[in-house]
Amino acid sequence: MADTTYLGQDLWLGFVADNSGATGAGPFSRVDLQAVLNTGVSPRTYDLATQQGLANLVQSLIVRLMTERGELAPLGHPDYGSRHHRLVGEPNTVSNQNLVKLYMIECIKQEPRIDSIAQITVAPGPGAVNRDKVDVKMTLKVTGVAEPLNLVIPFSFGGPLS
């Protein structure tokens, strides 16, 4: 297994499904910092868990895609995030699917740990009932990693995924 420590480390956000019954909650709509038992010290204590390597990169990409471009401008990061959020409420047309694809490409290209986007497709979501939903399937080449990284990002033109 290759050394992927250069991919960084961050707090593990522990993305969880929102089962509160709130409309529009999706699989990445809530985070819950995870605590782990630190048995290497005495007395034993709990500490916040971290993500390293590829898991950290995937978490970073999810957060980047969840963030609307310009949302972090007051903090000095005006270009961080994605513009695909602007398409919520628009019809699920080929033209708008291509815009989702373009906006996600723009967003992923911001990530310096990604060498290239090998493939990206937008396909209708599962089932005829979900006509406003699409899946964005990406194959990414990660710097220093031989195997490609495959991601499937759900998007709903009708609003947050349920």
Side-chain angles (χ1 to χ4, degrees), residues 1-18 25-41 46-88 90 92 94-126 133-157 160-161:
M1 182 174 179
D3 178 24
T4 58
T5 56
Y6 66 92
L7 292 174
Q9 175 175 312
D10 203 350
L11 290 176
W12 180 27
L13 297 180
F15 288 106
V16 295
D18 187 345
F28 305 122
S29 62
R30 278 191 32 226
V31 296
D32 188 8
L33 293 175
Q34 305 296 307
V36 293
L37 181 61
N38 185 351
T39 58
V41 296
Y46 281 90
D47 199 357
L48 293 176
T50 59
Q51 288 276 41
Q52 297 91 21
L54 277 174
N56 180 55
L57 175 61
V58 170
Q59 178 175 278
S60 297
L61 290 171
I62 292 169
V63 170
R64 188 178 291 271
L65 286 164
M66 286 176 58
T67 305
E68 193 168 348
R69 182 175 280 179
E71 192 174 342
L72 298 182
L75 300 175
H77 302 284
D79 296 327
Y80 184 91
S82 177
R83 297 189 297 161
H84 74 274
H85 306 277
R86 298 176 183 177
L87 296 169
V88 171
E90 296 295 324
N92 184 1
V94 172
S95 177
N96 284 335
Q97 289 176 9
N98 286 333
L99 282 174
V100 168
K101 185 176 178 179
L102 171 68
Y103 294 159
M104 288 198 181
I105 288 171
E106 286 177 346
C107 181
I108 296 297
K109 285 189 167 216
Q110 296 173 14
E111 177 54 63
R113 296 171 286 184
I114 300 295
D115 275 341
S116 63
I117 300 172
Q119 183 178 13
I120 183 168
T121 60
V122 179
K133 297 178 183 177
V134 293
D135 286 334
V136 182
K137 298 176 183 178
M138 300 180 199
T139 302
L140 308 173
K141 174 67 177 109
V142 179
T143 303
V145 177
E147 292 295 317
L149 176 62
N150 294 305
L151 295 176
V152 178
I153 308 296
F155 177 74
S156 174
F157 288 97
L161 296 170

In a table with atom names and distances, give each donor-acceptor pair under 3.5 Å that connects a side chain of residues 66-77 to protein atoms at least two apart or in another chain.
{"unit_1": "Thr67", "atom_1": "OG1", "unit_2": "Val63", "atom_2": "O", "d": "2.8"}
{"unit_1": "Arg69", "atom_1": "NE", "unit_2": "Asp79", "atom_2": "O", "d": "3.4"}
{"unit_1": "Glu71", "atom_1": "OE1", "unit_2": "Glu68", "atom_2": "N", "d": "3.0"}

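Interatomic distance, SG of Cys107 versus CG of Leu65, reported as 4.0 Å (0.5 Å rounding). Atoms CD1 and CD1, on Ile62 and Ile153 in that order, are 6.0 Å from each other to the nearest 0.5 Å. Interatomic distance, CG of Asn96 versus CG of Leu102, reported as 12.0 Å (0.5 Å rounding). Distance check: Leu151 CG to Leu149 CG gives 4.5 Å after rounding to the nearest 0.5 Å. Once rounded to the nearest 0.5 Å, the distance linking CG of Leu99 with CZ of Phe157 reads 8.0 Å. Considering OG1 of Thr143 and CD of Glu111, their distance stands at 8.5 Å, rounded to 0.5 Å.
Looking only at side-chain heavy atoms (C-beta outward), Lys141 and Pro148 stay at 4.5 Å or farther from each other. For the pair Ile105 and Ile120, the minimum side-chain heavy-atom distance is below 4.5 Å. The shortest distance between side-chain heavy atoms of Met138 and Ile108 falls below 4.5 Å. The side-chain heavy atoms of Leu61 and Leu140, taken from C-beta on, include a pair separated by under 4.5 Å. Here the side chains of Val142 and Asp115 are not in contact, with every heavy-atom distance at 4.5 Å or above. By the 4.5 Å heavy-atom criterion applied to side chains, Ser60 and Arg113 are counted as neighbours. With contacts defined as side-chain heavy-atom distances shorter than 4.5 Å, the pair Ile114/Lys109 does not qualify. No side-chain heavy atom of Phe155 sits under 4.5 Å from any side-chain heavy atom of Val122.
No side-chain donor-acceptor contact under 3.5 Å links Ser116 to the backbone of Ala118.
When all heavy atoms are compared, the tightest approach of Pro112 to Gln110 is CD-O, 3.2 Å. When all heavy atoms of Ala49 and Val36 are compared, the closest pair comes out as CB-CG1, 3.6 Å.
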**OP:** Please report the C-alpha distance between Ile117 and Thr139 in whole Å, then the side-chain angles of each, then the deciding distance to 0.1 Å, and finally whether the side chain to side chain contact (heavy atoms under 4.5 Å, CB included) criterion is met.
**Re:** CA-CA 6 Å; Ile117 300 172; Thr139 302; over 6 Å; no

**OP:** Just do the side chain to side chain contact (heavy atoms under 4.5 Å, CB included) check on Asn150 and Lys137 with the steps written out, would you?
**Re:** CA-CA 7 Å; Asn150 294 305; Lys137 298 176 183 178; over 6 Å; no

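Qualifying salt bridge (charged side-chain N to carboxylate O under 4.0 Å, His left out) partners for Arg83, counting only residues two or more places apart in sequence or in other chains: Glu106.
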